[in-house]
> 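Okay, here's the structure, questions in a sec.
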Amino acid sequence: FNAGTTYLVQAVNKGSSAHDMNIGHYASDADKQAIAHSALVGPGGTASFLFKPPTTGKFDLWCNPHASLGMLDHDGVQVS
């Protein structure tokens, strides 16, 4: 990704429970800030959202319902 460029991101749920996708900074369930996110999507569903990285650097990627269970990738999104 390049800072300042707008991207259309498509989140496809191939799991058996509802998921969402969030990009931003995640420290804990109580301390997180998404700069872009999808809607909550049921099994087999798809959601699209816009992501415009404000700066270069690394951002976290997580699922709100399941971040505490391991659906969290610190520095999973890199922006140049």
Side-chain angles (χ1 to χ4, degrees):
F1 295 105
N2 294 310
T5 301
T6 301
Y7 297 91
L8 178 63
V9 179
Q10 187 175 58
V12 179
N13 184 349
K14 295 186 177 184
S16 59
S17 60
H19 296 282
D20 64 3
M21 181 182 288
N22 299 272
I23 301 171
H25 299 288
Y26 184 100
S28 69
D29 277 343
D31 184 12
K32 59 190 173 188
Q33 181 180 9
I35 58 172
H37 61 91
S38 75
L40 191 63
V41 180
T46 301
S48 298
F49 64 98
L50 297 176
F51 172 48
K52 183 176 182 180
T55 61
T56 60
K58 296 179 180 179
F59 297 88
D60 304 323
L61 179 67
W62 72 92
C63 171
N64 274 317
H66 304 104
S68 63
L69 300 174
M71 286 193 134
L72 165 64
D73 186 0
H74 285 290
D75 299 335
V77 177
Q78 296 187 20
V79 177
S80 55

> Heavy atoms, side chains only, cut-off 4.5 Å: are V79 and F59 in contact?
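Yes, their side chains come closer than 4.5 Å.
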> I23, M71: one ILVMFWY side-chain cluster at the under-4.5 Å cut-off?
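In one cluster: no.
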> Do F1 and V77 make a side-chain contact, defined as non-hydrogen atoms from C-beta onward lying under 4.5 Å apart?
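Yes, close enough: below the 4.5 Å cut-off.
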> Considering only heavy atoms from C-beta outward, does the side chain of Q10 approach that of V12 to under 4.5 Å?
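Yes, close enough: below the 4.5 Å cut-off.
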> To check you understand the geometry: which heavy-atom pair defines the closest contact between A18 and H66, and what is its length?
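Smallest heavy-atom distance, with atoms named: O-CE1, 3.1 Å.
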> Please check if the side chain of D20 supplies one atom and the backbone of C63 the other of a donor-acceptor pair under 3.5 Å.
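Checked: no pair found.
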> Quick one: does any side-chain atom of D73 pair with a main-chain N or O of L61 as donor and acceptor, under 3.5 Å?
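No, D73 side chain to L61 backbone: no donor-acceptor pair under 3.5 Å.
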> First locate atom CG of D29, then atom CH2 of W62, and finally report the distance between them rounded to the nearest 0.5 Å.
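Reported to 0.5 Å precision, the distance equals 10.5 Å.
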> With a 3.5 Å distance limit and no angle check, can you tell me whether Y7 reaches the backbone of N2 through a side-chain donor-acceptor pair?
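Confirmed, Y7 side chain pairs with N2 backbone.
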> Drop me the distance from L72's CG to H74's NE2, to the nearest 0.5 angstrom.
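Taking CG in L72 and NE2 in H74, the distance rounds to 4.0 Å.
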> Output a table of donor-acceptor pairs, distance under 3.5 Å, between side-chain atoms of residues 31-55 and any protein atom two or more places apart or on a different chain; print 'none' if there are none.
unit_1: K32; atom_1: NZ; unit_2: N64; atom_2: OD1; d: 2.8
unit_1: S38; atom_1: OG; unit_2: M21; atom_2: N; d: 2.9

